[in-house]
4 protein chains.
Amino acid sequence: MSDNSFGRLFRVTTWGESHGPAIGCVVDGCPPRLKLSEEDIQPWLDRRRPGQSRFTTQRREPDTVRILSGVFEGMTTGTPISLMIENTDQRSKDYGDIARRYRPGHADIAYDMKYGHRDYRGGGRSSARETAMRVAAGAVARVVLRQLFGEELSIRAALVSIGDKSINRTHWDWSETERNPLWCPDPAIVEEWQSLLDGVRKAGSSIGAVVEVVAENVPAGLGAPLYGKLDGDLASALMGINGVKGVEIGDGFAVSRLRGEENADPIRPGPVFEANHAGGILGGISTGQPVVARFAIKPTSSILTPVPSITSAGDAVDVMTKGRHDPCIGIRAVPVAEAMMACVLADHALRHRGQCG
Amino acid sequence: MSDNSFGRLFRVTTWGESHGPAIGCVVDGCPPRLKLSEEDIQPWLDRRRPGQSRFTTQRREPDTVRILSGVFEGMTTGTPISLMIENTDQRSKDYGDIARRYRPGHADIAYDMKYGHRDYRGGGRSSARETAMRVAAGAVARVVLRQLFGEELSIRAALVSIGDKSINRTHWDWSETERNPLWCPDPAIVEEWQSLLDGVRKAGSSIGAVVEVVAENVPAGLGAPLYGKLDGDLASALMGINGVKGVEIGDGFAVSRLRGEENADPIRPGPVFEANHAGGILGGISTGQPVVARFAIKPTSSILTPVPSITSAGDAVDVMTKGRHDPCIGIRAVPVAEAMMACVLADHALRHRGQCG
Amino acid sequence: MSDNSFGRLFRVTTWGESHGPAIGCVVDGCPPRLKLSEEDIQPWLDRRRPGQSRFTTQRREPDTVRILSGVFEGMTTGTPISLMIENTDQRSKDYGDIARRYRPGHADIAYDMKYGHRDYRGGGRSSARETAMRVAAGAVARVVLRQLFGEELSIRAALVSIGDKSINRTHWDWSETERNPLWCPDPAIVEEWQSLLDGVRKAGSSIGAVVEVVAENVPAGLGAPLYGKLDGDLASALMGINGVKGVEIGDGFAVSRLRGEENADPIRPGPVFEANHAGGILGGISTGQPVVARFAIKPTSSILTPVPSITSAGDAVDVMTKGRHDPCIGIRAVPVAEAMMACVLADHALRHRGQCG
Amino acid sequence: MSDNSFGRLFRVTTWGESHGPAIGCVVDGCPPRLKLSEEDIQPWLDRRRPGQSRFTTQRREPDTVRILSGVFEGMTTGTPISLMIENTDQRSKDYGDIARRYRPGHADIAYDMKYGHRDYRGGGRSSARETAMRVAAGAVARVVLRQLFGEELSIRAALVSIGDKSINRTHWDWSETERNPLWCPDPAIVEEWQSLLDGVRKAGSSIGAVVEVVAENVPAGLGAPLYGKLDGDLASALMGINGVKGVEIGDGFAVSRLRGEENADPIRPGPVFEANHAGGILGGISTGQPVVARFAIKPTSSILTPVPSITSAGDAVDVMTKGRHDPCIGIRAVPVAEAMMACVLADHALRHRGQCG
């Protein structure tokens with residue numbers, strides 16, 4: 001396991017910096033003879049692409065993905081699939097300020113503390129731009145899952161709260177998430193959220209959010225004790241998304257306030273589970289119920305308000321982040337959440353097939 | 001990475017079932033020439049041992065650890081350290097009921113769905129008994145950390161809420177956690193918690209909790225982008241503890257409700273961080289601030305109230321769990337949380353030394 | 001991948017030193033629902049056990065293996081299988097000499113150079129005693145292979161040369177290998193080898209050998225490009241056996257002297273291969289032909305002739321090795337070779353099933 | 001560990017097919033703050049490039065490498081280094097024949113048996129073209145080794161036999177290897193080899209060879225018991241080079257014919273080793289002596305003589321390989337051998353630093 005790879009049998013290695021010539025990934029272990037072309041990947045990238053509404057960063061790039069290997073005559077060969085996106089919107093600009101000042105709450109200072117040298121242009125390796133490759137890899141994972149489990153398996157994510165404004169879960173409508181620019185499943189709150197975000201954006205501020213990702217019709221048996229748990233791998237995958245500070249499965253933190261009777265998931269012959277407090281995972285293994293995960297994403301620290309910081313020389317300085325940025329990075333994390341879920345499930349599906357046939 | 005191993009350079013593989021002859025682990029990659037004996041490990045196991053108060057399961061075993069390899073003349077040799085605890089309290093009893101009935105909310109049904117065969121005695125591999133080996137491995141990790149970073153590095157955990165009763169954080173006193181059987185850092189709430197738990201226990205019920213684990217004086221630079229993040233590995237390690245349904249770092253889910261200005265961690269020359277919303281980790285890399293993680297643990301599903309379930313043949317049946325059990329498994333998770341933090345930090349410390357010298 | 005583990009899906013981690021309390025291994029990833037008991041493992045250990053003829057070390061131990069986990073009611077559960085053998089023949093003796101003198105050609109000095117501390121008793125971790133656990137793990141691998149591919153798949157090894165005395169391959173008779181204490185497949189040379197070894201033994205000398213291991217009825221398709229090649233993994237597994245200095249596949253080094261026409265393996269419809277210069281592997285992937293590997297094992301450096309060496313303090317000293325030892329360690333490597341082949345094939349079989357179904 | 005990656009801390013993942021748009025690799029784990037640019041890599045690729053003499057394939061490509069990530073302002077950042085070479089010489093041609101006929105001795109049939117689909121153009125993934133990326137990664141490894149151990153550490157390879165014509169080792173002159181197109185260290189045999197190869201080439205035949213690779217001034221202590229052995233990793237790395245059928249360390253197969261006294265490596269204070277039968281490795285760990293490995297490479301099966309084979313439909317057919325090819329692929333393996341040695345040593349150097357400081 002290297003630092004820039006994840007997955008065991010369906011294994012993704014990403015590379016690239018925000019303002020380098022390109023970003024890319026290598027997907028190793030994809031089964032052979034799957035129909036795959038750029039058209040299977042590009043739509044997912046288009047969904048993620050920033051700049052599609054006033055609520056996401058105005059960086060405008062086509063994010064055109066190319067398959068450089070592992071596919072022949074429209075089908076996967078079982079060899080590594082190399083995907084690449086060229087960076088086209090690298091505005092020529094003076095990065096001198098960012099180079100010498102640590103943005104508080106960013107990875108800047110941590111990278112320098114660790115490596116003593118970093119690509120500061122646009123956040124370099126720590127930029128959310130890298131998540132484009134997660135989405136690309138997730139598109140390949142979806143192809144794997146479809147071949148293994150059919151069309152019924154679905155993976156969808158939504159934004160369920162922004163700041164302290166949460167959706168009303170009884171309104172949940174998945175099709176609504178595709179109709180508004182906020183991936184909001186509750187039509188009744190969309191307008192309120194948009195006003196809120198407009199205010200945040202105009203104030204040069206930012207705001208936190210919660211994303212929920214749900215996989216339905218996942219077969220039972222994916223996952224493993226005790227350090228190959230499906231929930232453990234999901235936790236790691238989702239916590240690794242930029243800005244995420246908390247992850248929960250099923251009812252998550254709420255179960256800490258419950259009694260055993262309240263949290264029970266009775267089983268009826270079938271098996272049919274009456275409730276799904278557990279989020280589809282018991283003992284680290286999927287049960288056939290929907291796999292439900294949720295994560296909290298912080299308000300980006302790129303704000304127009306000056307915050308005390310230091311220069312790389314250690315001197316005090318106030319830092320504020322000008323230029324394009326997202327008022328709520330939770331929005332862009334929605335397609336990434338789906339992609340990570342897809343990659344984790346594809347990996348566990350192959351691992352399960354390997355061990356258990 | 002196999003399913004029963006974790007860590008990369010400091011790598012732990014555990015084995016064993018609740019009612020088999022023994023449980024154990026192999027710690028591979030421990031640096032050589034560290035003073036290590038059973039006395040460095042046993043006290044941590046003693047802290048974890050159940051049956052020390054009326055609030056934890058009455059299974060009574062000495063849990064005596066033996067070092068079977070990797071140590072010579074009192075010092076580690078750099079070769080694998082094999083640790084073993086014999087199971088002595090395997091009450092001879094008829095497991096017929098558990099064998100054929102799935103306890104709702106337990107791993108029983110998931111293991112059978114995956115493997116088609118499971119050791120049902122006391123939960124087998126999914127039993128919390130396995131966490132004894134995490135504690136043992138954690139004790140070795142502490143020895144590694146002490147040698148690398150000295151006595152200043154501390155790792156401590158506490159219970160911060162039971163049900164909806166949370167501590168008052170202004171009362172926080174680490175020494176208090178060693179004085180009450182609930183690892184509670186707030187002396188003012190201990191009695192209330194004990195009454196609550198007595199009620200839960202007498203009702204044959206169970207209750208959820210939240211555990212917080214804090215590592216202080218962790219050097220900056222541990223962790224790595226982007227799939228070797230310190231927080232990603234902590235999330236996986238903590239989510240893998242039995243019954244955990246949510247993990248958060250620093251302010252965690254609370255940040256989803258904040259604005260960027262509220263969540264800012266200003267940096268002063270030093271560097272000194274004014275706040276620690278980030279929980280000591282930026283971009284997946286430690287900053288030198290305290291590393292703070294928290295997790296929610298569910299009320300155990302082993303309760304005296306009958307819950308609808310099915311038999312392994314698929315027939316309806318009501319299941320209730322008799323016999324010894326814990327009213328709040330969060331209590332026993334406290335030493336385990338410390339151990340997982342120690343293992344993750346030791347692993348990242350060696351990885352950092354490997355790459356960055 | 002840790003230093004004391006091998007395999008990816010069928011993963012073996014060994015631990016233990018020659019004169020510690022026990023040696024053992026953990027087999028993780030074994031498929032569930034396989035019939036497995038100590039009786040499936042013990043016979044393979046008995047075959048390997050030293051002291052069965054005057055040609056192997058006189059260390060006499062029953063080498064009784066215990067299964068400590070992963071098997072329930074006679075069947076594997078899919079969870080880690082812990083195997084242990086207690087060391088019973090740890091003659092109380094003064095190791096002072098070995099402790100302070102480096103035996104030339106042994107791992108003694110290398111371990112000290114690396115770790116600065118080693119268990120010198122009987123070679124500690126570098127002792128061939130560890131290979132007992134390879135044989136035990138290999139027995140489990142055989143159970144896996146039998147379930148996957150049936151009884152037809154066979155794995156057998158033989159000694160094909162001792163010193164400059166090679167067998168006549170036209171005499172090859174596999175059943176003969178079980179009838180003489182040298183695993184020799186050529187009845188016509190057994191007596192000559194025995195005389196040779198008697199001479200070597202009486203002279204307090206040692207002699208090198210070549211071992212050949214053959215797996216028949218291995219299905220096509222195991223292995224993978226380019227760093228997961230079946231031959232690459234076999235090379236690593238066999239080179240890792242104590243004393244091995246060379247590994248070859250199929251015709252091996254001999255092909256370096258051939259023309260393309262001489263080395264051709266024509267294919268007939270079936271496919272039927274007319275020859276097997278390639279040793280059953282093309283492009284790192286099995287073809288269905290017998291998988292053939294061979295390795296050279298050095299004369300052990302434990303001889304009665306004094307050889308110049310140094311003490312751990314760096315002073316000159318002559319070292320000769322008294323006490324029990326093997327005149328030809330190639331003999332004892334034969335069952336180990338079979339075991340490593342079994343483990344590598346089982347691992348690749350599961351990996352292939354994972355990726356390709 | 002995925003199938004197209006190698007190394008643990010210095011980890012290389014390669015991708016790409018012979019006639020796809022590009023080939024590339026990702027080097028993850030490279031230490032930060034090393035001076036690195038394309039100029040550090042290109043010369044090594046130029047040495048390997050085919051078509052430089054009449055003895056290697058006439059495929060002519062500039063093989064211009066680009067660094068796409070992981071380097072900023074001329075220095076490594078510690079993040080993944082993505083290297084890419086575009087394929088420019090993909091002659092438009094009809095691959096119909098190769099597509100439907102299995103070349104005997106090639107990976108063609110094995111890939112189809114495994115994956116049921118392969119990129120047949122120029123061998124696809126199994127083409128020796130992939131080794132360009134090993135050479136590129138090896139160039140980065142050399143930069144790592146130079147920083148860790150200085151200029152003294154050298155890694156050089158040579159061709160030591162072609163067919164049954166071996167060099168006279170007493171003539172060995174490293175500088176000679178750079179003066180003839182055959183990497184031959186013995187000036188007295190170069191002409192004879194050239195005549196031999198001219199004959200082979202004109203006959204449309206091919207011939208085997210042996211390559212030796214030597215690393216000098218490698219520090220003691222690299223490697224690890226028992227499945228992380230330096231020789232085990234070298235064996236795997238070298239066996240994985242296209243066409244390699246045997247690997248040996250130090251005196252290799254020759255030791256199988258020796259007595260213990262003949263194979264002894266006496267140690268003098270220093271330590272100074274009088275001989276180096278062991279090839280610089282004891283117990284899997286380097287001793288400070290030169291690390292010496294050798295491998296046998298087969299005559300390529302791409303010859304003009306028709307050999308019986310089958311079509312992908314299973315029908316009998318005679319196959320002969322027209323077009324550019326190498327009479328002795330051992331020549332081109334020489335720079336690859338150096339690169340693999342460099343990668344293995346760099347990886348073990350970082351692993352050693354991680355565990356032992």
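A note on names: the letters A, B, ... follow the listed sequences, proteins ahead of strands, and every chain is numbered from 1.
Proximity of a side-chain donor or acceptor of A:H117 to a complementary backbone N or O of D:M75 within less than 3.5 Å is detected. A donor-acceptor pair under 3.5 Å is absent between the side-chain atoms of D:D28 and the main chain of A:S2, judged by distance alone. A donor-acceptor pair under 3.5 Å is formed between the side chain of D:R33 and the backbone N or O of A:Y115.
Among all heavy-atom pairs drawn from D:P80 and A:T14, the shortest one is CG-O, 3.5 Å.
Taking CG of A:N4 as the start and OG1 of D:T13 as the end, the distance is 10.0 Å to the nearest 0.5 Å. To the nearest 0.5 Å, atom OG1 of residue D:T77 and atom CG of residue A:D112 are 11.0 Å apart.
A:T79 pairs in a side chain to side chain donor-acceptor pair (under 3.5 Å) with only one of the listed residues (D:E17, D:R125, D:R118), which is D:E17.
In terms of non-hydrogen atom pairs under 4.5 Å with chain D, the most contact-rich of A:G29, A:S82, A:P31, A:G24 is A:S82. Chain D forms the most heavy-atom pairs under 4.5 Å with one residue out of A:G124, A:G70, A:P32, and that residue is A:P32.
Put simply, the side chain of D:Y120 reaches to within 4.5 Å of the side chain of A:E73, judged on heavy atoms. Considering only heavy atoms from C-beta on, A:L68 comes within 4.5 Å of D:M84 through its side chain. Residues A:W15 and D:V26 have side chains in contact (heavy-atom distance under 4.5 Å, counting atoms from C-beta outward).
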